[in-house]
Amino acid sequence: MTLSDAVVSSIDALKANAMRSFLTMLGIVIGVAAVIAMMAVGNGAREKVNQQIKALGSNLIQVVPGNVTSGGVRMGMGQSSSLTDDDARVIAADVPAVQVAAAVVRGSGQIVAGGTNWSTGILGVTNDFFEAREWPVAHGRDFTGEEATRGAQVILLGQTVARQLFGEDDPVGQSIRVRNVPFTVIGTMDRKGQTVFGTDQDDIVFVPLLTARQRVVGANRANNRSVNQIMVKVREGENLAAAEAEIRALVRQRHRLQDGVDDDFQIRNLAEISATREQSARTLAMLLAAVAGVSLVVGGIGIMNIMLVSVSERTREIGVRMAVGARPGDILRQFLIEATTLALAGGAIGIALGLGVAKVVADTAGWPLLIQPEVIGIAVVFSAAVGVASGLYPAIRAARLDPVVALRTG
Amino acid sequence: MPLIEVSGLSRHYTMGAETVRALDDVTLSIEEGEFVAVMGPSGSGKSTFMNVIGCLDRPTAGRYHLAGEEVSRLDASELAGVRNRRIGFVFQQFNLLQRASALANVELPLIYGGVAPADRHRRASEALDRVGLGDRGHHLPLELSGGQQQRVAIARALVNTPSVLLADEPTGALDTLTSLEIMAVFAALNRQGVTVLIVTHEEEIARFVRRVIRFRDGRLVDDIRQEAADIDTELADWRGRAQGRNAPEGAPAS
């Protein structure tokens, strides 16, 4: 009996009990559909997150001071005062791939405007920062060169701060006090929204870097040129990893670090943050795989059950086939192929159903619909494997029937 | 060389402490081209004999040569091959696959014999022609009468040109006229050289064969050769009488 004969005969047998065949498939259909849909939805969600991370500012590299060891006591990351705004300037000047490098001094404090007050983050920056973060001023203006070099007491408000202090009123031109130092509001920033981690990026104010050092945050006692962070934007199309390596080499050289000495700074890029997200997505995928595994096993048990029924119903047919020359192997193969056909048909329907569900979810949530071809391949392979595994025992029982007994049955 | 040669053939079943001797020390040979009836009351061992001769069952003792080949010690797979090449079965209940057309049923042995599809169709059609059903190939078994179904079964048994045709109560489910028609098919095939063994308990049927063997309690008790009654004459008689019964009143009796 050739394979095609066996397949044709199996399909005939399944069609003879169409309703039962369909119900049997249902377990596999649901299992496979769930896998396909969840994978597609998961990928779509991850793509959405990646888009959000990109919106944060693409091609960004953060350089932060490293930990210092002082008399055997290791301080936390960012405590060192090794990084300066000169480093930022040299990075911007000497690394061709870098579009802009912005030095940032960070602090926080209470802001008072008229009768209300608000506690928020204070960043001392230059206009380069707004370019790096692709974060324009929505209303008013950014710092002038004169304000930056003089250390003028001017301030830009994030959307959240502006709303908290002034409500619907226009804050530009108003006077506020930051840690009891008077400032003039020169503008409000564009709305940036939440980060992927849920922090409100608009709950922030910006002052010139020099002003922050002299008046608000206070200069580091060890190094009054030190910064908390250098935000580097790499030009579009440049290799992020290569740029990172160049920056690392340059800063090491500037800090006169010998070979074998640890970096006194750390370089992070947002690709690493997305790698973290990737990791959690993988965990989710494992969970989904477990769910899929359970449904496929349950589906397989259904197939095994119905194949056992089928074998006992068709005992006489098996006897006739044996009488006309079917070998035990032929009978085994026939039932195995039947079970596999059943599982594969279920898998195919499941894939179609899963794609449909994924499409609906993606359309509703506004995600891109991402189908990995290998997921479909895996679904097909798994359905076939379930078919073979669950068909094996019934098929062996059929093949071992005694033809004399089988012909007397039913 | 006899086509079928058995010596000391036994088939014993162990049921608890008891041993059932379904077939006990049977020695016998059948030549090619013979037309044999196997008779005996139920439980006599005639069915067990047919199962062993048909390679569906293996003897517990004794030897069985089929066309010179010792088949009593073959395994299940080898026996299937022997059945496919050498044996054609016809059953009381026809045993056709209900979902398959007459032609597909006849093709079944060829499928297991590994015959190519084009060849299969041709040979199956020829076999249906031989039993007079050449025009019924695409009918399902349920669309055919009992006699026609049994003819399809005979075509299936013939299609692989077996050494021997084994028929187990082939007329048991049929009326008298149809039984005679089926016997006529067997007689015609036998005239063409096919060896035919028929298991029956009807003396009426056994009249048409040339050799009758009888079993009782698992033993061969009788083996006689006889002049076979002419099935074609009897069939013509029956048809005539049936027509006479159905003829309108006043018509001359034939």
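Residue numbers begin at 1 in each chain, while the letters A, B, ... track the order of the sequences.
- Atom CD of B/Glu18 sits in a sparse spot, with 12 or fewer heavy atoms from other residues, nucleotides or ligands closer than 6.0 Å.
- Within residues 65-85 of chain B, the residues approaching chain A closer than 4.5 Å by heavy atoms are, in numerical order, B/Ala76, B/Ser77, B/Ala80, B/Gly81, B/Arg83, B/Asn84.
- With A/Val404 as the fixed residue, the side chain to side chain contact (heavy atoms under 4.5 Å, CB included) test singles out one of B/Thr48, B/Val52, B/Leu56: B/Leu56.
- The line from CG of A/Asp402 to CZ of B/Arg58 is 8.5 Å long, rounded to the nearest 0.5 Å.
- Interface remark: of the candidates A/Gly329, A/Ala13, A/Gly319, A/Ser4, A/Ala13 forms the most heavy-atom pairs closer than 4.5 Å to chain B.
- A/Phe382 CZ: 12 or fewer foreign heavy atoms inside a 6.0 Å radius.
- Of all residues spanning residues 144-174 of chain B, those with a heavy atom less than 4.5 Å away from chain A's heavy atoms are B/Arg156, arranged by number.
- B/Asp57 touches chain A through backbone and side chain together, each having a heavy atom under 4.5 Å away.
- Within 6.0 Å of atom CZ in A/Arg20, more than 12 heavy atoms from other residues, nucleotides or ligands are found, so the atom counts as buried in its surroundings.
- Of the two parts of B/Arg86, neither the backbone nor the side chain holds a non-hydrogen atom closer than 4.5 Å to a non-hydrogen atom of chain A.
- Closest of all the heavy-atom pairs between A/Arg321 and B/Tyr112 is NH1-OH, 2.8 Å.
- Within a 6.0 Å sphere centred on CZ of B/Arg99, other residues, nucleotides and ligands contribute more than 12 heavy atoms.
- Rounded to the nearest 0.5 angstrom, A/Arg316 CZ and B/Asn95 CG are separated by 4.0 Å.
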